[in-house]
Amino acid sequence: MRPSLPPVMLLLCVGLLGAPVAAQQPPDPVADSIVRNLTRGLRLQGQPPAPPGPSSGAVRAETTAPPDRPSVSLMVTFATGSAALSPQAEALVASLARALSNPDLARSRFRIEGHTDTVGATAMNQALSERRAATVRDTLVTRYGLAPARLEAVGLGETQLLVSTPDGRAEARNRRVQVINLGE
């Protein structure tokens, strides 16, 4: 004869063994920095405005966005002349996806802007910036399930330089993707 468990213990054991364990997401300081920048100055659920956060290497508070719009510049890296995400860019876009899924941002719409430096022809840089912005948007939609209606991709080429440079000057800070919170 097998020993039997009291019904309460049996239910407890079945409940513990049969319940799915929620996957614990590891902390993502890059996503946290993106959230801070994209909520800067916004009032969230009765909270005071979020203070500007420190910039990490890939996330910069410096931006060419209008001053009344929370935004962040991301150093999304691509191979020269390419719109394919580098491995570093893939990780940064994953953090961006986590940030845009944050409850404080989940109802907002965003403009994803592609920017280039002044190396190369203006028309080529314009087209390249459009493809790069579309790549980031499409990755957020297809790989991370963000709603397409929340994301608008725009290429601005070399028209809004973060760092003013003469024509033909390579400047990594100008080759960026900028994300602007358009609100609800």
Side-chain angles (χ1 to χ4, degrees), residues 20-79 82-117 129 132-154 156 160-163 170-184:
V21 176
Q24 189 75 358
Q25 288 284 339
D28 185 342
V30 173
D32 294 343
S33 178
I34 293 170
V35 169
R36 275 194 306 276
N37 281 286
L38 290 175
T39 57
R40 188 180 67 245
L42 295 179
R43 293 194 184 276
L44 303 169
Q45 303 167 1
Q47 300 172 0
S55 296
S56 66
V59 179
R60 305 182 63 81
E62 296 93 4
T63 176
T64 56
D68 65 331
R69 288 279 149 216
S71 61
V72 64
S73 287
L74 304 175
M75 297 297 119
V76 178
T77 54
F78 299 88
S82 169
L85 294 169
S86 69
Q88 295 86 358
E90 297 256 357
L92 185 54
V93 172
S95 290
L96 176 59
R98 283 189 284 283
L100 298 184
S101 298
N102 181 289
D104 290 337
L105 295 172
R107 295 182 52 173
S108 296
R109 294 176 306 107
F110 299 91
R111 182 169 57 233
I112 300 166
E113 298 177 343
H115 296 267
T116 66
D117 60 18
S129 70
R132 288 176 173 175
T135 295
V136 171
R137 180 190 182 277
D138 294 347
T139 301
L140 290 168
V141 169
T142 59
R143 189 174 303 157
Y144 298 103
L146 273 74
R150 292 182 60 209
L151 307 170
E152 159 190 336
V154 177
L156 296 172
Q160 293 184 15
L161 300 174
L162 189 59
V163 178
E171 173 52 67
R173 291 173 292 177
N174 287 330
R175 296 187 302 268
R176 69 196 191 284
V177 169
Q178 185 166 274
V179 180
I180 299 174
N181 187 335
L182 300 174
E184 292 183 26

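Residue indices begin at 1 and follow the sequence shown.
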- Inter-residue atom distance D28.CG - N102.CG, 0.5 Å rounding: 11.0 Å
- Task: Compare all side-chain heavy atoms of R150 with those of L100 and state whether any distance is below 4.5 angstrom.
- Result: yes
- Identify which one of N37, N181, I180, L182 satisfies the side chain to side chain contact (heavy atoms under 4.5 Å, CB included) criterion when paired with S71. I180
- Looking at side-chain heavy atoms only, is the closest gap between Q178 and S73 below 4.5 Å? yes
- Do L74 and I34 have side-chain heavy atoms sitting under 4.5 Å apart? yes
- Message: If we ignore hydrogens and angles and just use 3.5 Å, is the side chain of T139 paired with the main-chain N or O of T135 as donor and acceptor?
- Response: yes
- Note on the structure: Of all heavy-atom pairs linking T39 and V35, the shortest is OG1-O, 2.8 Å
- Apply side chain to side chain contact (heavy atoms under 4.5 Å, CB included) to R176 and L162, showing your working. CA-CA 9 Å; R176 69 196 191 284; L162 189 59; 3.8 Å; yes
- Determine the minimum heavy-atom distance between R137 and P148, stating which atoms define it. NH2-O, 3.0 Å
- Message: Could you check whether any side-chain heavy atom of Y144 comes within less than 4.5 Å of a side-chain heavy atom of V93, counting everything from C-beta outward?
- Response: yes
- Query: About how many Å separate CG of D117 and CZ of R175, when rounded to the nearest 0.5 Å?
  - Reply: 4.5 Å
- Which heavy atom of S101 sits nearest a heavy atom of A106, and at what distance? O-CB, 4.4 Å
- Task: Taking all non-hydrogen atoms of both residues into account, name the closest pair between A99 and A31 and its distance.
- Result: CB-O, 3.6 Å
- Query: How far apart are the C-alpha atoms of L151 and L146, what are their side-chain angles, what is the distance that settles it, and do they pass the side chain to side chain contact (heavy atoms under 4.5 Å, CB included) test?
  - Reply: CA-CA 8 Å; L151 307 170; L146 273 74; 4.0 Å; yes
- Note on the structure: Closest heavy-atom pair, A172 versus M75, reported as atoms and distance to 0.1 Å, is O-SD, 4.1 Å
- Query: Are side-chain heavy atoms of E113 and S129 found at a separation under 4.5 Å?
  - Reply: no
- Which one of L140, V72, L105 satisfies the side chain to side chain contact (heavy atoms under 4.5 Å, CB included) criterion with F110? L105
- Message: Are the side chains of V76 and R132 in contact, using a 4.5 Å heavy-atom criterion?
- Response: no
- Between CG on residue L161 and CZ on residue R173, distance to nearest 0.5 Å: 11.5 Å
- Message: Has N174 got a side-chain atom pairing as donor or acceptor with V163's backbone, closer than 3.5 angstrom?
- Response: yes
- Message: What's the separation between atom CD in E184 and atom CZ in R109, rounded to the nearest 0.5 Å?
- Response: 9.5 Å
